[in-house]
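Inspection log for the structure reproduced underneath, given as structure tokens.
The figures that follow rest on heavy atoms only: side chains count, while hydrogens, waters and symmetry mates do not.
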Amino acid sequence: MRAKRIVVFLLLACLLVSTLQMAAASDWYTYSYNFWKEEVESPDAYSVTNTLFGADWEEVGNFKDPQGLFCVGDSVFVCDTGNNRIVEFIRKDGAYEFVRIIYSVNVSKNMVDALQVKGNITLTLNNPMDIFVMPMTAEQREEAFGTDYIGDPYEVQLPEKEEEPGEGNEEGTPGENGDETPEENGDEAPEENGDEVPEGGADESVGSSSEEDTDEGSDGEGSDGDGEGSDGDGEGSDGEGEGADGEGSDGNGEGSEDSAPIEYKENVIGQDLNLDYDFYIADYKNNRVLHCDYNMNVIGVIANPKDDTLSEKYEFLPGKLVVDTAFRLYVQATGINSGLMEFDKSGDFTSYVGANKVEANIVEKIWRKIQTQEQKNRTVQFVPTEYNNLSLDSKGFIYVTTHTLDDDDIWAGTATPVRKLNSMGSDILVRNGNAYPIGDLTWGTANEISGASRFIDVIAFNNDTYACLDRMRGRIFVYDFQGNMLYAFGNVGMLSGRFVFPAAMDNPDEETILVLDQRSGGITEFSMTNYGRLINKALDEYKVGKYDDSADTWKEVLKFNGNNELAYVGIGRALLRNNQYKEAMGYFKVARDEVNYSKAFRHYREEVVEQYIGYALAILAVLIIVPKVVRRVKKLRKEIREA
């Protein structure tokens, strides 16, 4: 009896171990898919080399809901959206150094009116969602944009810091002339209002900062100088949730009522680099895009685009943006499903680019034909979905992502979560892989997560490979220029190399990827491994026509991962380009690549025919001519004998 119990115990233990092994096998960090669309474990193409948090620097502190990340040269910019700032770092010898914190911009007096938001001059950022940085020398800037933005600087006059917090409520309450400061500062405030600020208030950011210095009295009755709210249309009472601007925290009349107004803060400088860069900032809640030089001097402002398709009440909410070499600005804006908004160099709206196409299926089309008008009005309208991010590659093509798509449409290939747009807005992304570039091919319900991958960002590399960031499962999918998935890595979680809620990513160079996590506020740095470098090298060699070298490099890849079907395809394609059709067929057969196998077979058949056509014709000639000759000879002999 005891022996039986021991045997049963051992069997249960073996079963438990095998179950744990299977569970671990399905939780690979790096993987790819085989021909049967099954996950296959893969060596790591990227490994974690650094993890950064804002709190690593005393000057910065924790990030709050960061939304944007941009890398150029050695500079890294983080849009710390919840803290209304942009933080700049610089990479030096594998480490990151703090450069500065950008809270506000500078403007000349002749351009100050362009920074009005709801009637107030607003210098501070309000929920910056994205930043695009373009290398630009002073000479290039002058040639492209002139020097009209240069002039006497508009000076922000802050309240006196010595002010006792309670005095403003009793004696220093702003009067009818818009004095912002308490009574003892009354000589300076009217001068500012009279000279630089339109009636109705001083700089919104300045008015907001007075709340901190003079407590509730200064903004409870009209902190921006009209006694009733910053823009003359609100009550101004902080206690009633209106804030300094009459409507809320965002300084433009659209923030939440219980939020504090944005206070003016001067930029914090750690290193004075003075680089040759221009900035384009999506200042989301200020309803504008700011164009500045490296010292944050405003060159231009894009706000309130005019178009017949937009309603009069439309509010411009720029989320993500890129700028091409012709200084055309492309903006992904909230509430716009007609594509990307394109603006010219002067900031004028020109057109929409690359709208998602929506087509009803055959059943829906037939049903629409027989519906009454009332039924049609009640039917859900087929409208394009909005893009959620975009990226510019080295050739000027724009990659865009969309995540609000139906799972069935994604699987069928009728919905495209990632697209590549040319100058006409047409999708030219190549999709010749074994599956569509949609992220995971098997979805499951692990960790209560189900459904298709949801791409939230995309980056393009110089060799035309591209990577898509999946918010659903915290993974990065890398594809080659033909649409083949090279590998995927990442997961959801708090461990190194995993993400809670990924928001953005960028590549400071061709072998490094940075991923920004909105929830944890961390930035994870991934560096390419030797395995990843070999794959990139093989692709690069193939693109420049070094087919033999590419095949040799793919063979090196197979030494790392014998299950890499793409390596067999790569070798086959290289052999195919070198007219080694029979050998290519063998590699395509191993990879079960029917398309390329058929192509190689067709060329091989033509080669065989060309090689043996002479012999075939000779044999055919012999078979046709020799019998005729024999018959002719016999006939002549017969005629001779009879003669």
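- Ring planes of F89 and F63: perpendicular class, angle over 60° (limits at 30 and 60°).
- Partners of F455 under the ring-ring contact (aromatic ring centres under 6.0 Å, His included) rule, at least two apart in sequence or in another chain, do not exist in this structure.
- Taking a cutoff of 4.0 Å between a charged side-chain nitrogen and a carboxylate oxygen, D470 and R475 do not qualify as a salt bridge.
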Q: Please assess L329 against I302 for the test side-chain contact (heavy atoms from CB on, under 4.5 Å), listing each intermediate value before the final yes or no.
A: CA-CA 10 Å; L329 171 67; I302 296 91; 4.1 Å; yes
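- Contact of the Y154 side chain with the I121 side chain is registered, since non-hydrogen atoms from C-beta on lie closer than 4.5 Å.
- Nearest heavy atoms, F343 versus P305: CE2-CB, 3.8 Å.
- Residues that satisfy the side chain to side chain donor-acceptor pair (under 3.5 Å) test with N84, not counting sequence neighbours, are absent from this structure.
- Summarising the geometry of G521 relative to P66, their closest heavy-atom pair is CA-CG, 4.2 Å, with the distance given to 0.1 Å.
- Remark: K320 does not engage E386 in a salt bridge, criterion side-chain N to carboxylate O under 4.0 Å.
- Residues D348 and S346 have side chains that never bring a donor and an acceptor to within less than 3.5 angstrom of each other.
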(Q) As a quick check of understanding, evaluate side-chain contact (heavy atoms from CB on, under 4.5 Å) for Q332 and V400, giving each step before the final call. (A) CA-CA 9 Å; Q332 173 270 319; V400 292; over 6 Å; no
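- Only one option out of L392, N422, V353, V458 pairs with I398 in a side-chain contact (heavy atoms from CB on, under 4.5 Å); it is L392.
- Counting heavy atoms from C-beta on, the side chains of T309 and S338 never come closer than 4.5 Å.
- Annotation: side chain of R85 is not in contact with side chain of L125 (no heavy-atom distance under 4.5 Å).
- Between the CD atom of Q482 and the OG1 atom of T465 there is a distance of 12.5 Å, given to the nearest 0.5 Å.
- You'll find the ring centres of H291 and F145 inside the 6.0 Å limit.
- Within the 3.5 Å criterion, the main-chain N or O of E525 finds no donor-acceptor partner in the side chain of N50.
- In this structure, the side chains of V76 and L69 come closer than 4.5 Å at one or more pairs of heavy atoms.
- For N295 (side chain) and N297 (main-chain N/O), no donor-acceptor pair under 3.5 Å exists by modelled atom type.
- To the nearest 0.5 Å, the span separating CG on D130 from CG on N389 amounts to 6.5 Å.
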Q | Derivation and outcome, side-chain contact (heavy atoms from CB on, under 4.5 Å), residues Y399 and L429 | A | CA-CA 9 Å; Y399 288 78; L429 189 69; 4.0 Å; yes
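- Nearest heavy-atom pair across G151 and S108 is N-CB, 3.7 Å.
- Under a cut-off of 6.0 angstrom, the local environment of OH in Y436 is sparse, with at most 12 non-hydrogen atoms contributed by other residues, nucleotides or ligands.
- Counting all heavy atoms, side chain and backbone alike, P508 lies closest to C71 at CA-CB, 3.7 Å.
- No side-chain donor-acceptor contact under 3.5 Å links S75 to the backbone of G73.
- When atom types are taken as modelled, the side chain of D65 and the backbone of T81 share no donor-acceptor pair closer than 3.5 angstrom.
- Side-chain atoms of R519 do not come within 3.5 Å of backbone N or O of F501 as any donor-acceptor pair.
- Formation of a donor-acceptor pair under 3.5 Å by the Q271 side chain with backbone atoms of F98 is found in this model.
- With 3.5 Å as the limit, one finds a donor-acceptor pair spanning the side chains of N388 and T401.
- Considering CG of N267 and OH of Y103, their distance stands at 9.0 Å, rounded to 0.5 Å.
- Inter-residue side-chain proximity for V72 and F70 is flagged as met; some heavy-atom pair is nearer than 4.5 Å.
- Side-chain contact between V301 and Q116 is absent, with no heavy atoms from C-beta onward closer than 4.5 Å.
- Looking only at side-chain heavy atoms (C-beta outward), L421 and L340 come within less than 4.5 Å of each other.
- Scored by the salt bridge (Lys or Arg N to Asp or Glu O under 4.0 Å) test, D427 finds R419, R431 as partners (sequence neighbours excluded).
- By the 4.5 Å heavy-atom criterion applied to side chains, N536 and F461 are not counted as neighbours.
- The shortest non-hydrogen separation linking V418 to P437 is CG1-O, 3.6 Å.
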(Q) T334 vs Y284, test: side-chain contact (heavy atoms from CB on, under 4.5 Å). Steps then yes/no. (A) CA-CA 9 Å; T334 300; Y284 187 78; 3.1 Å; yes
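- In this structure, R471 contributes its side chain and P502 its backbone to a donor-acceptor pair below 3.5 Å.
- Between Y352 and F349, the distance separating the two ring centers is shorter than 6.0 angstrom.
- Residue L321 holds its CG atom at 8.5 Å from CZ of F132, rounded to the nearest 0.5 Å.
- The backbone N or O of A144 sits less than 3.5 Å from a side-chain atom of K345, completing a donor-acceptor pair.
- A cation-pi contact, defined as under 6.0 Å to the ring centre and within 45° of the axis, links K543 to F481.
- Although no hydrogens or angles enter the test, the distance criterion places no donor-acceptor pair under 3.5 Å between the side chain of D283 and the main chain of V289.
- Looking at every heavy atom in both residues, S391 comes nearest to I459 through OG-CA, 3.8 Å.
- Side chain of T350 to backbone of E342: a donor-acceptor contact under 3.5 angstrom is found.
- M505 CE to C468 SG: the interatomic distance, rounded to the nearest 0.5 Å, is 6.5 Å.
- Note that CZ of R91 and CG of D509 are 5.0 Å apart. Values are rounded to the nearest 0.5 Å.
- Residue R288 is tested with L317, L115, N304 for a side-chain contact (heavy atoms from CB on, under 4.5 Å); the sole match is L115.
- Note: F279 and Y294 meet the aromatic proximity criterion, with ring centroids under 6.0 Å apart.
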